[in-house]
A.B. asks: 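The structure that follows is given in the form of structure tokens.
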Amino acid sequence: MTTAFLYDEQFLRHDAGTGHPESGERLTATLAHLEKQPWFRHLLRCEPRVAELDWIQKIHSLPYIRHAQSACRQGLSYLDSLDVGIGAESFDIALLAAGGALTLGDLVISGEAQNGFALIRPPGHHAEKNQAMGFCLFNNIAILARYLQERHGIEKVLILDWDVHHGNGTQHSFYEDPSVHYISLHQFPFYPGTGSEAETGEGKGRGATLNCPMPAGAHDADYEKVFQTKVLPHIDKFKPQIILISAGFDAHTQDPLAQICLSTECYGWMSERVMEAADKHADGKIVSLLEGGYDLEALPRSVAKHVAVLSGNN
């Protein structure tokens with residue numbers, strides 16, 4: 001089994017501002033920890049390409065794309081809201097992050113890799129069609145889902161989002177689309193305010209969205225129960241051809257931005273269950289993209305546990 005690992009030091013050039021929690025240190029600390037793992041050298045190392053604007057426009061409007069580019073070129077400090085810090089190069093690096101997702105998707109679909117993980121920034125799942133939100137400029141995983149469908153002919157894509165914050169942008173991208181199912185486990189009520197159980201999709205997409213809101217203080221056993229009773233049965237019913245993971249690690253008990261209390265081991269447990277589901281329905285195809293995770297000790301350990309499982313080194 002081959003697991004691809006995507007990273008590029010150019011991701012460090014996205015400058016969200018002094019003191020911003022979404023800093024380049026998240027990636028450097030994680031990479032340093034991964035490089036200490038005996039199995040890391042066996043991963044298929046790959047680098048991103050810049051995403052073509054045609055693919056970005058599958059999810060985001062052209063006026064928004066131009067607005068984001070202009071804000072960065074003008075040297076503005078924020079895009080749309082105070083939580084989306086930007087620098088002069090942030091637009092270009094956001095295109096590279098989205099392109100990293102597409103690169104990894106190509107490798108998995110071609111069979112060069114069974115699965116893969118992308119250590120990328122800026123994250124993406126809060127980004128809406130016409131608005132940046134929650135540290136996110138472009139919705140990397142939503143762009144990848146459309147790319148897999150239109151470039152590779154994948155008919156049924158499942159996105160599993162275990163970031164502690166609900167992925168409002170991803171949900172809204174596919175809310176009326178039965179071909180892309182979105183499952184989210186997240187702290188609720190919490191930022192960004194979406195993600196109640198009642199939000200299940202609309203029109204032909206009704207039932208394609210599964211929100212699993214978790215109360216502050218939830219532990220491993222609470223997540224395991226939801227996986228067994230809701231998440232895995234939904235995957236079994238849908239039978240996706242590929243599983244995409246919005247892999248945020250900010251539900252860790254050490255993370256400063258939320259109040260969920262997961263252990264590092266729980267990320268390994270969830271990864272194992274996703275692997276089993278992918279083997280069952282999708283020939284093992286998984287693409288995992290980094291979203292949140294802001295504790296510089298917990299994030300590296302959690303990513304390492306996740307990638308160890310993907311690569312069969314758990």
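Nothing here was measured: the structure is a model prediction, and the numbers come from that model. In this chain, numbering begins with 1 at the start of the sequence shown.
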A.B. asks: Around atom CD of Glu276, are there more than 12 heavy atoms of other residues, nucleotides or ligands at under 6.0 Å?
C.D. replies: yes
A.B. asks: For Glu35, does the CD atom have more than 12 heavy-atom neighbours from other residues, nucleotides or ligands under 6.0 Å away?
C.D. replies: yes
A.B. asks: For Phe238 together with His281, are the ring centres under 6.0 Å from each other?
C.D. replies: no
A.B. asks: State, yes or no, whether a side-chain contact exists between Leu119 and Leu290 at a heavy-atom distance under 4.5 Å.
C.D. replies: yes
A.B. asks: What I want to find out is whether Asp8 reaches Arg121 closely enough, with some N-O distance under 4.0 Å, to be called a salt bridge.
C.D. replies: no
A.B. asks: Got more than 12 heavy atoms from elsewhere within 6.0 Å of CZ, Arg73?
C.D. replies: yes
A.B. asks: Say you draw a straight line from CG of Leu289 to CD1 of Ile120; how long is it, rounded to the nearest 0.5 Å?
C.D. replies: 4.5 Å
A.B. asks: Verify whether one side chain among Glu155 and Gln149 offers a donor that lies under 3.5 Å from an acceptor in the other.
C.D. replies: no
A.B. asks: Answer yes if the side chains of Ser70 and Gln74 hold a donor-acceptor pair under 3.5 Å, and no otherwise.
C.D. replies: yes
A.B. asks: Would you kindly confirm whether Leu257 and Phe190 end up in one hydrophobic cluster when ILVMFWY residues are joined by side chain heavy atoms under 4.5 Å apart?
C.D. replies: no
A.B. asks: Taking all atoms of both residues into account, what is the closest heavy-atom pair of His166 and Ser184, and its distance?
C.D. replies: CD2-OG, 3.6 Å
A.B. asks: Take Tyr294 and Leu299 through the test side chain to side chain contact (heavy atoms under 4.5 Å, CB included) and record every step on the way to the result.
C.D. replies: CA-CA 7 Å; Tyr294 306 98; Leu299 174 62; over 6 Å; no
A.B. asks: Please say yes or no: joined through hydrophobic side-chain contacts below 4.5 Å, possibly via intermediate residues, are Ile141 and Val231 part of one cluster?
C.D. replies: yes
A.B. asks: Got a salt bridge between Arg151 and Asp54, using NZ or NE/NH1/NH2 to carboxylate O under 4.0 Å?
C.D. replies: no
A.B. asks: Less than 6.0 angstrom from the centroid, inside 45 degrees of the normal: does Arg273 satisfy that with respect to the ring of Trp269?
C.D. replies: yes
A.B. asks: Taking the side chain as every heavy atom from C-beta outward, state whether His172 and Glu128 have any pair of such atoms under 4.5 Å apart.
C.D. replies: yes
A.B. asks: For the hydrophobic clusters of this structure (ILVMFWY residues joined by side-chain heavy atoms under 4.5 Å, transitively), does one cluster hold both Ile93 and Phe135?
C.D. replies: no
A.B. asks: Hey, what do you get for NE2 (His234) to CG (Leu158), rounding to the nearest 0.5 Å?
C.D. replies: 6.0 Å
A.B. asks: Do Ile235 and Ile183 make a side-chain contact, defined as non-hydrogen atoms from C-beta onward lying under 4.5 Å apart?
C.D. replies: yes
A.B. asks: Do side-chain atoms of Arg45 reach the backbone of Leu6 as a donor and acceptor pair under 3.5 angstrom?
C.D. replies: no
A.B. asks: Let's go through Lys230 and Glu197 carefully: what are the C-alpha distance in whole Å and the side-chain angles of both, what is the deciding distance for salt bridge (Lys or Arg N to Asp or Glu O under 4.0 Å) to 0.1 Å, and is it a yes or a no?
C.D. replies: CA-CA 12 Å; Lys230 295 183 178 181; Glu197 284 186 316; 2.9 Å; yes
A.B. asks: If you count heavy atoms of other groups shown closer than 6.0 angstrom to CD of Glu272, is the number above 12?
C.D. replies: yes
A.B. asks: Any side-chain heavy atom of His306 within less than 4.5 Å of one from Phe249?
C.D. replies: yes
A.B. asks: Please step through side-chain hydrogen bond (donor to acceptor under 3.5 Å, both in side chains) for the pair Asp83 and Tyr78, ending with a clear verdict.
C.D. replies: CA-CA 7 Å; Asp83 58 356; Tyr78 304 100; over 6 Å; no
A.B. asks: Can you see which heavy atom on Ala97 is nearest to which on Pro122, and at what distance?
C.D. replies: CB-O, 4.0 Å
A.B. asks: Among side-chain atoms of Tyr147 and Asp106, is any donor-acceptor pair under 3.5 angstrom?
C.D. replies: yes
A.B. asks: Is His186 close to Met214 at the side-chain level, that is, under 4.5 Å between some pair of heavy atoms?
C.D. replies: no
A.B. asks: Charged N to carboxylate O below 4.0 Å: is that the case for Lys204 and Asp177?
C.D. replies: no
A.B. asks: Give the minimum heavy-atom separation between Leu44 and Ala113, together with the two atoms involved.
C.D. replies: CD2-CB, 4.4 Å
A.B. asks: Are any non-hydrogen side-chain atoms of Tyr182 and Leu160 less than 4.5 angstrom apart?
C.D. replies: no
A.B. asks: Can you list the steps and then say if Asp80 with His67 is a side-chain hydrogen bond (donor to acceptor under 3.5 Å, both in side chains)?
C.D. replies: CA-CA 9 Å; Asp80 292 341; His67 164 61; 2.7 Å; yes
A.B. asks: When you check the gap from the basic side-chain N to the acidic O, do Glu265 and Arg301 get nearer than 4.0 Å?
C.D. replies: no
A.B. asks: Any heavy-atom pair between the side chains of Cys212 and Leu210 that's under 4.5 Å?
C.D. replies: yes
A.B. asks: Charged N to carboxylate O under 4.0 angstrom, Asp220 versus Lys225?
C.D. replies: no
A.B. asks: Any donor-acceptor pair under 3.5 Å linking the side chain of Gln241 with the backbone of Lys156?
C.D. replies: yes
A.B. asks: Can you name the nearest heavy-atom pair linking Phe174 to Ala145, along with the distance?
C.D. replies: CZ-CB, 3.8 Å
A.B. asks: Give a yes or no on this: more than 12 heavy atoms of other residues, nucleotides or ligands lie within 6.0 Å of atom CD of Glu297.
C.D. replies: no
A.B. asks: For Tyr7 together with Phe117, are the ring centres under 6.0 Å from each other?
C.D. replies: no
A.B. asks: If we count only N and O atoms by modelled type, under 3.5 Å, do the side chains of Thr170 and Asp161 hold a donor and an acceptor together?
C.D. replies: no
A.B. asks: Checking the side chain of Gln37 only, and the main-chain atoms of His33 only, is there a donor and an acceptor separated by less than 3.5 Å?
C.D. replies: yes
A.B. asks: Within the structure provided, determine whether Ser311 and His42 are in side-chain contact (heavy-atom separation under 4.5 Å).
C.D. replies: no
A.B. asks: So, the side chain of Thr3 versus the backbone of Leu310: is there a donor-acceptor pair under 3.5 Å, distance only?
C.D. replies: yes
A.B. asks: Any donor-acceptor pair under 3.5 Å linking the side chain of Gln69 with the backbone of Phe91?
C.D. replies: no
A.B. asks: Determine the minimum heavy-atom distance between Glu291 and Ser246, stating which atoms define it.
C.D. replies: OE2-OG, 2.9 Å
A.B. asks: Looking at Leu232 and Gln228, what are the two nearest heavy atoms and their distance?
C.D. replies: CD1-OE1, 3.6 Å
A.B. asks: I need the Ser196 OG to Phe188 CZ distance, nearest 0.5 Å.
C.D. replies: 5.0 Å
A.B. asks: Hydrophobic cluster membership, with links at side-chain heavy-atom distances under 4.5 Å among I/L/V/M/F/W/Y: are Met133 and Leu79 in one?
C.D. replies: no
A.B. asks: Examine distances only and state if a side-chain atom of His20 and a backbone atom of Glu22 form a donor-acceptor pair shorter than 3.5 Å.
C.D. replies: yes
A.B. asks: In terms of ring plane angle, is the pair Tyr267 and His252 parallel, tilted or perpendicular, where the classes change at 30° and 60°?
C.D. replies: parallel
A.B. asks: Let me see the working for Gln10 and Arg13 under side-chain hydrogen bond (donor to acceptor under 3.5 Å, both in side chains), right down to the final yes or no.
C.D. replies: CA-CA 5 Å; Gln10 291 186 77; Arg13 289 162 41 198; 2.9 Å; yes
A.B. asks: Would you say His60's side chain and Asn139's backbone share a donor-acceptor pair under 3.5 angstrom?
C.D. replies: yes
A.B. asks: Just verifying a value: how many Å separate Asn168 CG and His126 NE2, rounded to the nearest 0.5 Å?
C.D. replies: 6.0 Å
A.B. asks: Can a donor-acceptor pair be found, under 3.5 Å and without considering hydrogens, that links the side chain of Glu224 to the backbone of His219?
C.D. replies: no
A.B. asks: With a 3.5 Å distance limit and no angle check, can you tell me whether Asp250 reaches the backbone of Val164 through a side-chain donor-acceptor pair?
C.D. replies: yes
A.B. asks: So, taking the atom named CD1 in Ile154 and the one named NZ in Lys285, what distance separates them when rounded to the nearest 0.5 Å?
C.D. replies: 7.0 Å
A.B. asks: Enter the distance from Asn211:CG to Thr194:OG1 here, rounded to the nearest 0.5 Å.
C.D. replies: 7.5 Å
A.B. asks: What about Tyr175 and Ile159, same hydrophobic cluster or not, with Ile/Leu/Val/Met/Phe/Trp/Tyr joined at side-chain heavy-atom distances under 4.5 Å?
C.D. replies: no
A.B. asks: Determine, for Glu202 against Arg206, whether the closest basic-nitrogen to carboxylate-oxygen distance falls under 4.0 angstrom.
C.D. replies: no
A.B. asks: Within 45° of the ring axis of Tyr64 and under 6.0 Å from its six-membered ring centre, is that where the NZ or CZ of Lys129 lies?
C.D. replies: no
